[in-house]
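Worksheet for the structure shown next.
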Amino acid sequence: MPELPEVETIKNQLKEKIIGKKLDGRRIIDVRRRAKLLIIDFKDGSSLIFHLKLTGQLIFNGKETKFTRKIFNFGDGTKLFFNDARKFGWFKFVKSFKDDFGPEALQIRRRDFRSRLRKRSNSKIKPVLMDQKFIAGIGNIYSGEILFAAGVRPMRLVKSLKEQEIKKIFQNIKKILKAAIKHKGSSVEYYLDSHGKKGDYTKYHKVYQKQICQKCGTKINRIKLAGRSSHYCPRCQS
DNA sequence: CAATCGTCCTGCGGGC
DNA sequence: TGCCCGCAGGACGATT
């Protein structure tokens, strides 16, 4: 499912393809990502916003499939296909774009991260990392991988975290998201980049949907947190 | 403030 | 073989 690295990949690719083109008579001046949203900005200040949710795809000059929900036609004859098997994804046109997301995961500084955590001391760490108002861009896959890399179990209360653990979580937010972007994201379920290609990062997953820890071989534990499946290694994470 | 539950939707896999 | 059932999950609103 598209999280920050997947949307970032699509954004980077579309930037190259569609800036300067016209859509319904409006000139495209930028393509951005905010949290998990992909935003196409027009010269008149309006924007077209997409959320791909679980199974959405945005494919440039693709071809129509049974999951194609909308085809955007640019002034030069090129097209953008919005496909979505489960119809959770959406797009909308807005006169101006504003949001109330938290700081971007790749931009947040450690001081800010720590002070924000203090306000959530009675929450479990994994749902906090997935809270877009706390920090923007992280979903179920990457929160699980980040916590594995930090050696912290997903159900740990924030107030129980030691300074060193907070530091490791912070460092791995940056490290894992950057590595995933480098590999053009993770193709679980339906994710494809804007060229219709799969992301490579799936093969680097250590715990997400794994039976066995990819580091030590211990059987992975699976629990439900906030209605979402969470995977962790009882040996590598404490 | 925190946690849980229902809601949207449909492909897929398991069971019989 | 084919049908039915339940699961997966991002975000949001309602409830406890």
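On a predicted model such as this, the values are computed, not experimentally measured, just so you know. Below, chains carry the letters A, B, ... as their sequence lines are ordered, and counting in each starts from 1. What you see below is based on every heavy atom in this structure, not just the backbone, and it leaves out hydrogens, waters and symmetry mates.
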In whole Å, I'd like the distance from the CD1 atom of A:Ile141 to the P atom of C:dG10. 8 Å
Can you find a pair of side-chain heavy atoms, one from A:Ile138 and one from A:Leu4, that are under 4.5 Å apart? no
Over all strands shown, is A:Phe67 touching base, sugar-phosphate only, or nothing at heavy-atom distances under 4.0 angstrom? sugar-phosphate
For the pair A:Asp76 and A:Lys22, find out whether any cationic side-chain nitrogen is under 4.0 Å from an anionic carboxylate oxygen. no
Regarding the side chain of A:Asn122, the nearest nucleotide among C:dA11, B:dA2, B:dA3 is B:dA2
Answer with yes or no whether the side chains of A:Asn83 and A:Thr68 bring together a donor and an acceptor at under 3.5 Å. yes
Any donor-acceptor pair under 3.5 Å between the side chain of A:Arg86 and the base of C:dA8? yes
A:Asn140 atom CG is separated from C:dC7 atom C1', nearest whole Å, by 14 Å
Which sits closer to the 5' end of DNA chain C, A:Phe101 or A:Arg222, going by the nucleotide each is nearest to? A:Arg222
What's the CG-P distance between A:Asp131 and C:dG9, to the nearest Å? 18 Å
Quick one: do A:Lys206 and A:Glu145 make a salt bridge, cutoff under 4.0 Å? no
Here the distance between atom C1' of C:dA11 and atom CD1 of A:Ile138, to the nearest Å, is 16 Å
Across the strands shown, which category fits A:Ser229 at heavy-atom distances under 4.0 angstrom: base, sugar-phosphate, nothing? sugar-phosphate
Looking only at B:dC9, C:dA8, C:dG10, the nucleotide nearest the A:Lys224 side chain is C:dA8
For A:Tyr191, report the nucleic acid contact type (base, sugar-phosphate, nothing); a contact means any heavy atom under 4.0 Å. nothing
Quick check: on DNA chain B, is the nucleotide nearest A:Lys53 upstream (toward 5') of the one nearest A:Tyr190, or the reverse? Name the residue that is more 5'. A:Lys53
Using heavy atoms to find the nearest nucleotide of DNA chain B for A:Lys124 and A:Arg69 separately, return the residue whose nucleotide is more 5′. A:Lys124
Can you tell if the side chain of A:Phe67 reaches within under 4.5 Å of the side chain of A:Asp84, non-hydrogen atoms only? no
Using rotation axes that map the C1' atoms of four end pairs onto the next four (five pairs an end), what angle separates the end axes of the helix from B:dA2-C:dT16 to B:dC16-C:dG2, to 10°? 50°
If only side-chain N and O atoms count, and only distance matters, is there a donor-acceptor pair under 3.5 Å linking A:Lys17 with A:Thr78? no
Assign A:Lys87 to base, sugar-phosphate, or nothing according to its heavy-atom contacts below 4.0 angstrom with the strands shown. sugar-phosphate
Ion pair check, A:Lys168 and A:Glu165, cut-off under 4.0 Å: no
